[in-house]
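To start, the structure under review is shown below, and the notes come after it.
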Amino acid sequence: MRLATWNVNSAKSRLPRLLPWLDERAPDVVCLQETKLSDADWAAELDGPIAERGYEIAHHGQGRWNGVALLSRVGLTDVVRGLPDEPEFDGSVDARAVTATCGGLRVTSVYVPNGRTPDDPHYGFKLRWLEALRRQVTGGDAATTVVAGDMNIAPTDADVWDPAVFVDSTHVTPPEREALAALQATGLQDVVRDRWPTDRVFSYWDYRAGRFHKDLGMRIDLVLCGADPAGRVEAAWIDRKARKGSGPSDHAPVIVDLDDAPDGDIGPVVPPPSTPAKLPNRT
DNA sequence: ATGTCACGTGAAACGTGA
């Protein structure tokens, strides 16, 4: 099973990149963030071409900002929009989380609040939102949980291109990193970092200043896996190709392949190859 | 280089957010 997450920075404007990417990478479950569409506009513009490719869809949108979605062709049931006791900002709840059961996993697509600056009210909102996300995970079966999306946190200084640039900025402050660590302490593994423990691995590059070309990025898009999916990881990588070319998102997709054979199942028993019958000699 | 996008407004440039 191939699982992916991608902050598309507007699903409508990214359609010319999203559809070919679905065709090329053929993910089974996709978490999208920053769709920037209402549910009605998503249905009008995206439902058709995505359903045509065999996906069931759960979109949780609000319009101009935010918006998340789950696409699945391995089942999509028990859809929940938002988080339990989700905190408000400026008097309303944003569209930042959608959860469903896909292929036996409880998957949540998340767009964690940016925080803006550490002294902005949005920063406290970010911390409260992360706590609500942690509570949701503790209320479920952590072993089969996947939380994937734009966390807007670089887990360590190795996840930013220059830690000096980010001093006193959001994405790297200790309270954010502690909130992420508390989320992971429910039993979730950062499977990309596990796979590439010492490599320079980024998922986001600012559009400005040629940052992608110079590989001056950050790793803020994470796939966090409970024990079951974490134990089945066959590959985990950033699809940098999707950040190249014309009209890309500023984020690249993260792709994780899981072994579909459950524990103890060695797959179909294949009989040993028999001696091939000799082809009749041609004369 | 504060260097780019995307969206809404409203009909072109500007404010907002990232």
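Predicted model, so just to flag it, every value in this text is computed and none were measured. To find a chain, count down the sequence lines: A is the first, B the second, and so on, and within it residues start at 1.
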- Query: So what does A:Lys126 hit on the nucleic acid, given a heavy-atom distance under 4.0 Å: a base, only sugar-phosphate, or nothing?
  - Reply: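 Nothing: the residue A:Lys126, judged by heavy atoms under 4.0 Å, touches no strand.
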- Message: What's A:Tyr111 touching, base or sugar-phosphate or nothing? Going by heavy atoms closer than 4.0 Å.
- Response: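 If one applies the 4.0 Å heavy-atom cut-off, A:Tyr111 turns out to touch the sugar-phosphate alone, with no base involved.
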Check ion pair [X]-[Y] (N to O, under 4.0 angstrom):
| X | Y | value |
| --- | --- | --- |
| A:Glu56 | A:Arg73 | no |
| A:Arg134 | A:Glu131 | yes |
| A:Lys241 | A:Asp239 | no |
| A:Arg232 | A:Asp257 | no |
| A:Arg96 | A:Glu86 | no |
| A:Arg177 | A:Asp157 | yes |

Rounded to the Å, how far apart are [X] [atom1] and [N] [atom2]?
| X | N | atom1 | atom2 | value |
| --- | --- | --- | --- | --- |
| A:Lys12 | B:dC7 | NZ | P | 8 Å |
| A:Met151 | B:dA18 | CE | C1' | 17 Å |
| A:Trp42 | B:dC7 | CH2 | C1' | 17 Å |
| A:Phe89 | B:dA18 | CZ | C1' | 14 Å |
| A:Ile220 | B:dA18 | CD1 | P | 12 Å |
| A:Arg243 | B:dC5 | CZ | P | 9 Å |
| A:His122 | B:dG17 | NE2 | P | 9 Å |
| A:Asn7 | B:dA6 | CG | C1' | 12 Å |

- If we take the P atom in both B:dG10 and B:dT16, what is their distance in whole Å?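 After rounding to an integer number of Å, I get 14 Å for this pair.
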- Message: Can you check the distance between B:dC7 and B:dA12, where both ends of the measurement are the C1' atom (answer in whole Å)?
- Response: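 15 Å, rounded to whole Å.
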- Message: A side-chain contact here means heavy atoms from C-beta on lying under 4.5 Å apart; do A:Leu83 and A:Trp129 qualify?
- Response: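 When only atoms from C-beta onward are counted, A:Trp129 and A:Leu83 do touch, with a gap below 4.5 Å.
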- Should A:Asp159 and A:Arg193 count as side-chain neighbours, where that means a heavy-atom distance under 4.5 Å?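 They are in contact (side-chain heavy atoms under 4.5 Å apart), so the answer is yes.
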- Paired and unpaired positions of DNA chain B as dot-bracket, Watson-Crick or G-U wobble under 3.5 Å, | denoting a partner strand: ...((((((...))))))
- Query: Relative to the 5' end of DNA chain B, which residue comes earlier, A:Glu34 or A:Ala11, by the nucleotide with the nearest heavy atom?
  - Reply: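 Its nucleotide being nearer the 5' end, the pick is A:Ala11.
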- Task: Nearest-nucleotide wise, let me know which of A:Asp206 and A:Gly115 is further upstream toward the 5' end of DNA chain B.
- Result: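 Per heavy-atom nearest nucleotide, the more 5' residue is A:Asp206.
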- Respond yes when some side-chain nitrogen or oxygen of A:Ser10 is under 4.0 Å from OP1 or OP2 of B:dC7, and no when none is.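 Checking B:dC7 against A:Ser10, a side-chain N or O does come within under 4.0 Å of OP1 or OP2.
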- Message: Under 4.0 Å from OP1 or OP2 of B:dC5: is there any side-chain N or O of A:Arg14 that close?
- Response: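 Answer no for this pair, as no side-chain N or O of A:Arg14 is under 4.0 Å from OP1 or OP2.
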- Message: Is the ring pair A:His122/A:Phe89 parallel, tilted or perpendicular, if the boundaries are 30 and 60 degrees?
- Response: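 Perpendicular: the ring planes of A:His122 and A:Phe89 meet at over 60°.
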Scan nucleotides 8-12 of chain B against the protein and return all N/O pairs shorter than 3.5 Å with their distances rounded to 0.1 Å.
none

- Task: Report the nucleotide, chosen from B:dC5, B:dT16, B:dA18, that has the shortest atom-to-atom distance to any side-chain atom of A:Trp65.
- Result: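 Selected nucleotide (nearest to the side chain): B:dT16.
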For residues 40-49 of chain A, please give each side-chain donor-acceptor pair under 3.5 Å, one per line with the distance, not counting sequence neighbours.
residue, atom, partner, partner atom, Å
A:Asp41, OD2, A:Ser38, OG, 3.4
A:Trp42, NE1, A:Asp47, OD1, 3.0

